[in-house]
Amino acid sequence: MAKNLEHHRIVFKGTKNGLTVKIHPDLEYEDVKDKLFDKLKLYDRFLSGADVLLDWGGKELAVERMDELQQLLSAAGLNLKGTVKSSPSSLHLQEENLMKDIQSEGAGPDQNSKSAVSPERRTPAKAGDPPRSLKVVSEPEPDKPREPNGHPEVSEHTILIQRTIRSGQTIHYPGNIVVLGDVNPGAEIVAGGNIIVMGNLRGIAHAGATGDENAVVTAFRLQPSQLRIADHFTRAPDNESGSPDQPEVARVRDGTVIIEKYQPVERQPKK
Amino acid sequence: MGEVIVITSGKGGVGKTTTTANIGTALAVLGHKVALVDTDIGLRNLDVVLGLENRIVYDIVDVTSGHCRLKQALIKDKRFEGLFLLPAAQTKEKTAVNPQQMIALCQDLKKEFDYCIIDCPAGIEQGFKNAIAGAEKAVVVTTPEVSAVRDADRIIGLLEAAELREPKLVVNRIRPEMVKKGDMMDIDDMIDILAVDLLGVVPEDETIVVSTNRGEPAVLDSESKAGAAYRNIARRIAGEDVPLMNLDGEEGLMERLKRFFGFRRG
């Protein structure tokens, strides 16, 4: 991962705390602005509506700069929810909620009114937070049931598409995508979560586009020209002949994308 | 009221213009009143294929911009009473016509003709948008090549987005002996990817080259296999139930093609 971070400098990643914008600590502020702008342009409207956290390796940011980045993100339809502080001594993440609307709209420490306004679902609000203070949330306790794939903001919803996706057509969706039909060569499907194609997948599929490595691509006939899961890219072998005669599933295991026979029972490791 | 059909493909050189000329002529032979419209402004050649280039006075841009009346620009074919050509302009650009003007033009043509067949330029830009604007039905021409099928797929997607549902497929320039050896995509593969109804299969035929150069559509040549295939396609457009012709004299392919004709999905 470190290598990827080094390479991309700014990475959108699904973490257990939600969608996080990871910024390499060595980057200068002006650089970050430019790169973030480029990155957001790349994602287009795809991430629109998502809540994000900012992780700059624990760097403190001046309020004006924070506002500036927030504006940049909201122009792309993203809600900046807070920053992530990586404490050097432990791996525990701390999250500061900077959403001013929560605190400044008179909600104060009141638990009920807070949950009514907050767009954030997972943060267990702690009673007794002082008004205007930054909320500190610790990592979910290990014994608590966790979301199966670690980032609920991205993968809760599923869209059903009942047609053939043809060359030049793209489907972008932050959650899961299910296609009842074929995905033809030249077509592109990008999902924040999983992709399921009840037909021939011959185009490009990108599951876990926001960084979820647990995302899978399943197809009735899996023969994509290119397959991407999180930031792992693979393509079809150049000299492959013949096509699969059974449903298959692609997933990331030990850092590489593997394709195996689809087995319905296998996907039930609860927790 | 007539029917407006656009002949399109995305890729160039697959035989849109040849298909337009042959289907149009064959429909005229069947006794229908047909208008052929060349929308390939700047690169017109439907007039050449029909052997009418020396009769052009006004063109489609003159009509849409109001420089002449529609009747003045329509060229009557030298062989058939019911066949007319509205030529493209050669000295203008695709942007000289807009989709609204095309819709109005097609409305006018529909009143006069049984079939209005529009020859679409290659590509998916302005010329394509103009060509499909006034159409009610679409015929997608492809050849058994991966690139042509890919473009046909793209075009079908764009047609569907433009509410031109259920386009029909013409597979042009197929070589049965190559298909049999496994060296060429077969109809099966193409239908599998494109998921549309097959309107006809036209074999590769040298007589097409000769007839195109002479300005005599191949459907008028009773010896031409491609001409026979186009005559069948025209009859299917006119509503007849014509089986796919036997391309190589073998039962196997014939039966397979029969199976695909009328094949429906989704």
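Residue numbering restarts at 1 for every chain, and letters A, B, ... go by the order of the sequence lines. These numbers come from a predicted model, not from an experiment.
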Counting only heavy atoms closer than 4.5 Å, note whether A:R202 contacts chain B via side chain, backbone, both or neither. side chain
Please round to the nearest 0.5 Å and tell me the distance separating atom CD1 of B:I193 and atom OG1 of A:T164. 11.0 Å
Does A:M198 have more than 12 heavy atoms from other residues, nucleotides or ligands lying within 6.0 Å of its CE? no
Nearest heavy-atom pair of B:D192 and A:D182: which atoms, and what distance? O-OD2, 3.8 Å
More than 12 non-hydrogen atoms from neighbouring residues, nucleotides or ligands closer than 6.0 Å to CZ on A:R228, yes or no? yes
Expected output: side-chain B:D153 to main-chain A:R166 donor-acceptor under 3.5 Å: no
Rounded to the nearest 0.5 Å, the CZ atom of B:R154 sits from the CG atom of A:N184 at a distance of 12.5 Å
Which heavy-atom pair separates A:Q169 from B:G157 by the least distance, and what is that distance? NE2-CA, 3.4 Å
If you tally heavy-atom pairs under 4.5 Å between each of B:D151, B:L158, B:I156 and chain A, the highest tally belongs to B:I156
Flag yes if more than 12 heavy atoms outside B:E93 fall under 6.0 Å of its CD atom; otherwise flag no. no
With a 6.0 Å cut-off (strictly less than), is the heavy-atom count around NZ of B:K137, excluding the residue itself, greater than 12? no
